[in-house]
Amino acid sequence: MDENGGTGVDGCPDEELAFDVFSKRCPSRGTLEHATGRWGSLTLGALYEGSLRFNALRRRVDGVSEKMLSQTLHALERDGLVHREAQHTNPPRVDYELTPLGQQVAERLLGLIHLVEGRMDEVLAARARYDEARTGREGQKP
C-alpha cells in the first residue's frame, strides 16, 4: 500500500475503483484538470456543438489566446477527449471534434455550466453579501 492508501500503479487503488482522483499520483487527476480547467471546459463545451476549425473555436471561446487554446487542444487530444483531423488541402485545414468519450464528458460539463448560468442571480447576491460583510469588518477596529 502506498502513502495515499492506493496499492496500484501511480498511486491508484486496485480494489473497488480502478483510479482515484483524490490520490495525488493518479493519472485521472490530470485528465480531470484538463477537462475542468477554464479553457478545457469551455473548449469541450464549444466542441459539443459540433466540429470546428481552430480559428472558429478560438472565436467561440472568447478570451482564450492562441497559445492557450493550442495547449488545451493538445492535452484534450492526448487524453482521448478531442480528435484532430488534418486535411491535406491547400491551404491546410484542421478540424477538431469530440470523441465519444469527449461527448460524455462535455455533456456533464454542460449540465454544470447550465446550472451555474441559471443560478447566477443567487451567486451575484451571495457575492454582494460577502463583499458588504467583509467591507464592514475591515472598517471596524478590533
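All values below were derived from every heavy atom in this structure, side-chain atoms included, with hydrogens, water molecules and symmetry-related copies excluded. Please read all numbers here as calculations on a predicted model, not as lab measurements.
Contact detail for Asp79 and Leu101: the closest heavy-atom pair is O-CD2, 4.3 Å. Across all their heavy atoms, Asp95 and Gln87 have their closest contact at OD2-NE2, 3.5 Å. Of all the heavy atoms in Ala46 and Arg60, the pair that sits closest is CB-CG, 3.6 Å.
Interatomic distance, Leu69 CG to Arg59 CZ, rounded to the nearest 0.5 Å: 11.5 Å. Atom CH2 of Trp39 sits about 13.5 Å away from atom CG of Leu44, to the nearest 0.5 Å. Taken from CG in Leu81 to CD in Glu77, the straight-line distance is 10.5 Å, to the nearest 0.5 Å. The OG1 atom of Thr31 lies 8.5 Å from the CZ atom of Arg78; values are rounded to the nearest 0.5 Å. Between the CD atom of Glu117 and the CG atom of Leu110 there is a distance of 9.0 Å, given to the nearest 0.5 Å.
Put simply, the side chain of Thr72 does not reach to within 4.5 Å of the side chain of His34, judged on heavy atoms. Two residues are said to be in side-chain contact when any heavy atoms from C-beta on lie closer than 4.5 Å; Val94 and Phe54 fail this criterion. The side-chain heavy atoms of Thr43 and Leu73, taken from C-beta on, include a pair separated by under 4.5 Å. Using a 4.5 Å heavy-atom cutoff, the side chains of Leu42 and Val64 are not in contact.
Panel note: side chain Ser70, backbone Glu66; no donor-acceptor pair is recorded below 3.5 Å. Listed for the Thr99 side chain is a donor-acceptor partner under 3.5 Å among the backbone atoms of Gly80. When atom types are taken as modelled, the side chain of Arg29 and the backbone of Arg25 share no donor-acceptor pair closer than 3.5 angstrom.
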Checklist entry - Given the rule in the side-chain contact (heavy atoms from CB on, under 4.5 Å) test, do Arg53 and Tyr96 qualify, once you have shown the distances and angles that lead to the verdict? => result CA-CA 6 Å; Arg53 294 175 73 175; Tyr96 295 91; over 6 Å; no

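Using a 4.5 Å cut-off between side-chain heavy atoms of Ile, Leu, Val, Met, Phe, Trp and Tyr, with links allowed through other members, Leu32 and Leu98 fall into different hydrophobic clusters. Ile113 and Leu115 fall into different hydrophobic clusters, where Ile, Leu, Val, Met, Phe, Trp and Tyr side chains are chained together by heavy-atom contacts under 4.5 Å. If you chain together hydrophobic residues whose side chains sit under 4.5 Å apart, Leu124 and Leu112 fall into the same group.
Atom CD of Glu132 sits in a sparse spot, with 12 or fewer heavy atoms from other residues, nucleotides or ligands closer than 6.0 Å. Residue Asp62 places its CG atom among 12 or fewer non-hydrogen atoms of other residues, nucleotides or ligands, all under 6.0 Å distant.
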